[in-house]
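Read the structure below first, then the notes.
The model shown is predicted, which means the values in this text are computed figures rather than measured ones.
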Amino acid sequence: YETLCGGSGAGPGFDGCSAVHVHMTNSRLTDPEILETRFPVRLDGFGIRPHSGGDGQWRGGDGAERRIRFLEPMTVALLSNSRICAPQGLAGGGPGACARSWIERQHGARLDLGGCDRAEVEAGDVLVIQTPGGGGFGGSDRD
């Protein structure tokens with residue numbers, strides 16, 4: 001079970017932070033070496049999801065993108081949110097991008113996943129998780 005970071009919302013006088021855990025306690029992301037030692041997977045990528053934070057005088061933080069390649073057949077289960085209702089901006093700031101996830105099949109097909117979903121994967125399939133960005137704050141012109 002992993003908790004993935006997202007973008008935090010902006011506020012009066014500050015931009016949101018990118019790829020952080022917000023309002024989470026007693027939780028952290030599994031180190032890649034531990035993940036790859038305990039499960040038959042390879043972490044193909046983990047980084048900032050560009051332009052996913054909301055626009056505004058102060059921008060919302062960007063979410064993250066995580067790509068996990070499976071080395072043998074497994075079952076994937078997701079429990080996630082911010083997929084239908086975008087993280088809202090305040091005082092005229094724009095919303096952050098909604099979260100998305102899908103499986104890229106080794107033969108080229110793509111299977112979109114819901115927020116609470118499960119799927120069977122084969123060796124070579126890749127799970128892509130994009131976490132939401134934070135909402136922006138204030139009008140879009142930064143002085």
Side chains of [X] and [Y] in contact at under 4.5 Å (non-hydrogen atoms):
X: Cys116; Y: Leu78; answer: no
X: Ile103; Y: Leu113; answer: yes
X: His21; Y: Thr3; answer: yes
X: Val41; Y: Met74; answer: yes
X: Ser8; Y: Phe14; answer: no
X: Phe70; Y: Arg42; answer: no
X: Asp44; Y: Val126; answer: yes
X: Arg67; Y: Leu127; answer: no

Holding to salt bridge (Lys or Arg N to Asp or Glu O under 4.0 Å), I want the full list of residues that pass it with [X], two or more places apart in sequence or in another chain.
X: Arg110; result: Asp112
X: Arg100; result: none
X: Glu120; result: Arg118
X: Asp117; result: none

Tell me every residue that passes side-chain hydrogen bond (donor to acceptor under 3.5 Å, both in side chains) with Gln88, counting only those two or more places apart in sequence or in another chain.
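Applying side-chain hydrogen bond (donor to acceptor under 3.5 Å, both in side chains) to Gln88 gives none.
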Taking side-chain hydrogen bond (donor to acceptor under 3.5 Å, both in side chains) as the definition, give me every residue that meets it alongside Ser80, ordered by chain and number, with sequence neighbours left out.
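Partners of Ser80 by the side-chain hydrogen bond (donor to acceptor under 3.5 Å, both in side chains) criterion, ordered by chain and then number, come out as Arg83.
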Cluster question for you: counting only ILVMFWY and a side-chain heavy-atom cut-off of under 4.5 Å, with indirect links fine, are [X] and [Y] together?
X: Val128; Y: Phe39; answer: no
X: Trp58; Y: Leu90; answer: yes
X: Ile129; Y: Leu43; answer: yes

Is the backbone N or O of Asp62 less than 3.5 Å from a side-chain atom of Arg49, with the two atoms forming a donor-acceptor pair by type?
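No, Arg49 side chain to Asp62 backbone: no donor-acceptor pair under 3.5 Å.
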